[in-house]
Structure formats: C-alpha cells, structure tokens
Amino acid sequence: MAVSPYAAAALFLLAAIAAVESIGVNYGTMGDNLPPPAQVAQFLKDKTTIDRIKIFDANPDILRAFSGTGILVAVTVPNGEIPSLTDPGNARRWVAANIQPFHPQTKINYILVGNEILHWGPQNLVDNLVSAMRSLHTALSLSGITDIIVTTAHSLGILESSEPPSLAKFRPGWDKGVLAPVLQFHRETKSPFMVNPYPYFGYSPEHANFSVFGSNKGLFDRYTKRTYGNMFDMLMDAVYISMKKLGYGDVEIAIGETGWSSLGESFERPRCSVENAAAYNGGLVRKYNSGRGTPLMPRKRLETYIFGLFNENLKSGPLSEKNFGLFRPDFTPAYDAGIMRVGSTAAPVQPIKRPTPAQDGKKWCVPKAEASDSELQKNIDYVCSQGVDCGPIQPGGACFDPNTVRSHASFVMNAFYQREGRHDFNCNFSGSGLITSTDPSTGNCKYLA
Ligand SMILES: *[C@@H]1O[C@H](CO)[C@@H](O)[C@H](O)[C@H]1NC(C)=O
Ligand SMILES: *[C@@H]1O[C@H](CO)[C@@H](O)[C@H](O)[C@H]1NC(C)=O
C-alpha cells in the first residue's frame, strides 16, 4: 500500500504524541491477605497503566479473571514439570489443560518454561530446558495457536561479568552448552531472550544514584566510548554484548523481572527504602515510556515486567523480600511509580471488598503457586497413606472436579493440616504448602476448617 509522505509524517507524529503509557508487572501470589484475582484484574484495567502481567504458574483463577480485560498474561510452567514436557504428548496435554480453556478470551502472550532454571538448577532441568521449549512451541502450533510465544527467564547469574559492558560475556559452560541452543530457538521462533536484571543487587551507598536512575557521573566504557548513566542500561548492554559474542545479536531481548524493595531489615538499609524503590521503578517506567533504549540499543523499547504487583507477606527470606510490591494488598500504592491512570493517583475510589477476612482465625493449607505437579502428587500419595479421607477427590466425590493434581492436592493437603492440629509445619510439605486465610472451597467442595 502506498502512503503519501504527508500521511506517513502525520502517522509518525500521532504515534509520537500517543506515547506508550504502559508497563508490565509480575503478579505474585505469596500472601494470605491478597485480593481476589477478579478485583485485581478490574483494578489494573481501570486504575493503572499496567497492560500486561506475568504469573509464576498457570493459575486458572487468574487466567479466568483476566478474560476480556485486554490485559496480556504471561504464564509460567513450574520448574519441576520441565522434564515431562519434553514429551510431545505431555506438551499437548499441558497446552490443552492450561491454555486452551482460556485462550483467546484471556490474551495469553507467553509461556515461560520454568523460572531462572540455570540459576537454581538442578541439572536435569537445565538439560531438558530447550527440548521442553521446543515441544511446547510445537504443541501450540498443533493446537492452532500462533500468537503465544515460548520463552524462559534467566537471572543475570548467566553473565560472567557485566562491567564494563563491552567486556561482558556469558559464563563459560553455559554459553555454548545451554545459552546458544536457547538463543537458536529464539532466533527460529522469533521469540525474545528474557532476562531478570536487578540493579538492586548491585547497589552500593556510594553509587546509589547509578542504581536508581538518579543523577551521577556515569560510567565510561572505554572500548565502546559510551557513557552509562545508570546500572540498568549497563546490565542490558552487557546482556546484548554477550549475545553478540555468541553470534546471536539479532535476537530480541525482554525483561522478565526487575524491581526494588521499599522496606528491609536494619542490615538492608539504606538500600531498601521507599525513596529508592520510587526512584528506581519510577525511572524505569519513564525510560520505558520514552522509548529511549540503551547506549548500544538506542530507541529500542524492551518489553518490561516490574517485580512485583503486591507486597507478599508469605515470601520467605528477609523483610525486603516481602516488600517488592508497587501496591499494598488493599490496592493503595506503596509509593508513586508513575503507573496510575490520570485521576487515579490515590487509592481507588470504590471501596474494595477484601477476601473473606480471617477474623474468625480460620486457616487453610493450599499448594504454593510454584509447586510442581510431581511435588503435589507426592503430597497426595503421602496424605492419603496417612489415613486422611481422600474420598472427596475420587471420581464421584465432591472435590473430584476440577480433575487436576493441583486441585486434588489442595483439598487433601488442607485435610491433613486440619487433622494434625493446624501447626504451621503441618502445611510445610517440603516447602510446597502455603497457609491462607481465604477459604478455598468452591461449590459443593467444602474444605475442612
Ligand atoms: C542523586 O540524584 C538526585 C536526583 O537526580 C539528586 O537530587 C541528588 O543530588 C543526587 N545525589 C548525589 C549524591 O549525586
Ligand atoms: C519446611 O521444609 C523445608 C524442607 O524440608 C525445611 O527446610 C524448612 O525448615 C521447613 N519449614 C518449617 C517451618 O518447618
């Protein structure tokens, strides 16, 4: 189609004026005080400029809640399921069970195969990663789905060094062995290489502003003659250079996670503060919306998912881990990060109904979002061998549907927790259980309390 130069110029102007006001966010659910997904979806759509979310599983409640919102949803295959998904039949079944019931009403844009596999291992996951990515990609096309991209997110532990960016390269051993095949897959399927840069971890009080997009002298890279005004650009160019050195400079890059904690233990200050979190995430959002890119990737807007949406009170580790949220569980902003729609700068106008409150002290035990089906199957086998009544999850039982390992495990893990006396450790299940004050019962399937 021929477009007159004037029309083209006008279109360009329009595009420039309608500058993107959007960003992605990771929606983690490790909290016992978080609002229900339907309220989250409504809130994001009405009040914020967040146009895409990333979740750490394929939680059907979340997928259902975002249906029809237009908000993109990136789902994650739990790490433990990677080996089984190398099998084409299992990959087809995974897509049929987790994607097809929701897509395209819910705009699923990515399937992430595991989370930071190289960083966390174990080796059999690393060895099976690319094969699982390939079979999921094939399974999607065999299912007639062409608009969902398969990728996986890497921690920056994949880099041997990042400073200066020109000398960066991937860790020997991972470069040709694992990352080259991953990048080859991305090249063939036109999917982005996803990384999780955290200037947060490189913070030092002396160079605080370099980490949080504040004014500073910058870092000069004498090989490329570029000056870096912030650590984020430095890390992203380090990734780009490393990819180029391996022969994959043409593959797109996306950012799966980045963020800053607004509150920490005494030994985590001054890094963790509202000021730093606001400066970092605010700077990141402004940079994204400006489309400025990095010194070596100018004018490239890298798709970005901030970590995270809510403060999550059940995350393990120091206080900082629980305070990466842009919002508190009651939807009030933890600070101004420039993501509220105009006229929505404060807490939402509508009072938001909180989930069934725990005023009566009732608690339930459910699987953690990141628990794999194989871990959960072990929990079922264990609990049902301990004399807990597993009849309700058998065919014909009130909790048979939905007929998934996760849903069955949830019911019996809770039954066990209640019977044993509701001690926190009764819901541990080798770290795969989570205590919640929201009643998980649905329909006729009544959870014990
Ligand atoms: C850090 O950045 C802020 C905002 O850009 C600026 O006001 C402040 O003076 C900077 N601090 C230092 C030590 O350079
Ligand atoms: C839960 O189990 C894990 C692994 O078995 C263990 O490291 C952790 O200490 C346990 N936590 C509690 C609260 O018992």
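Any value given below was found using the heavy atoms of this structure, including those in side chains, with hydrogens, waters and symmetry copies removed. Since this is a predicted model, take the numbers as computed values, not measurements. Note that ligands are numbered from 1 as they come in the structure, with each ligand's atoms numbered from 1 the same way.
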Discussion item. Tell me the protein heavy atom at minimum distance from atom 1 (C) of ligand 1, and give that distance in Å.
Written reply: Asn209 ND2, 1.5 Å
Worksheet item: Parallel, tilted or perpendicular: which fits the ring planes of Phe425 and His423, with parallel below 30° and perpendicular above 60°?
Response: parallel
Worksheet item: Who's the nearest protein heavy-atom neighbour of atom 9 (O) of ligand 1, and how far?
Response: Ser215 OG, 4.6 Å
Practice prompt. Please check atom 7 (O) of ligand 1 for a protein heavy-atom neighbour under 4.0 Å.
Written response: no
Item to complete: Give, for atom CD1 of Ile306 and atom CG of Asn281, the distance between the pair rounded to the nearest 0.5 Å.
Response: 4.5 Å
Practice prompt. Give a yes or no on whether a salt bridge exists between Asp250 and Arg187, defined as a side-chain N under 4.0 angstrom from a carboxylate O.
Written response: yes
Practice prompt. Using a strict cut-off of 4.0 Å, indicate which atoms of ligand 1 neighbour a heavy atom of Gly214.
Written response: 2 (O), 5 (O)
Worksheet item: With the threshold set at 4.0 Å, does a side-chain nitrogen-carboxylate oxygen contact exist between Glu160 and Arg171?
Response: no
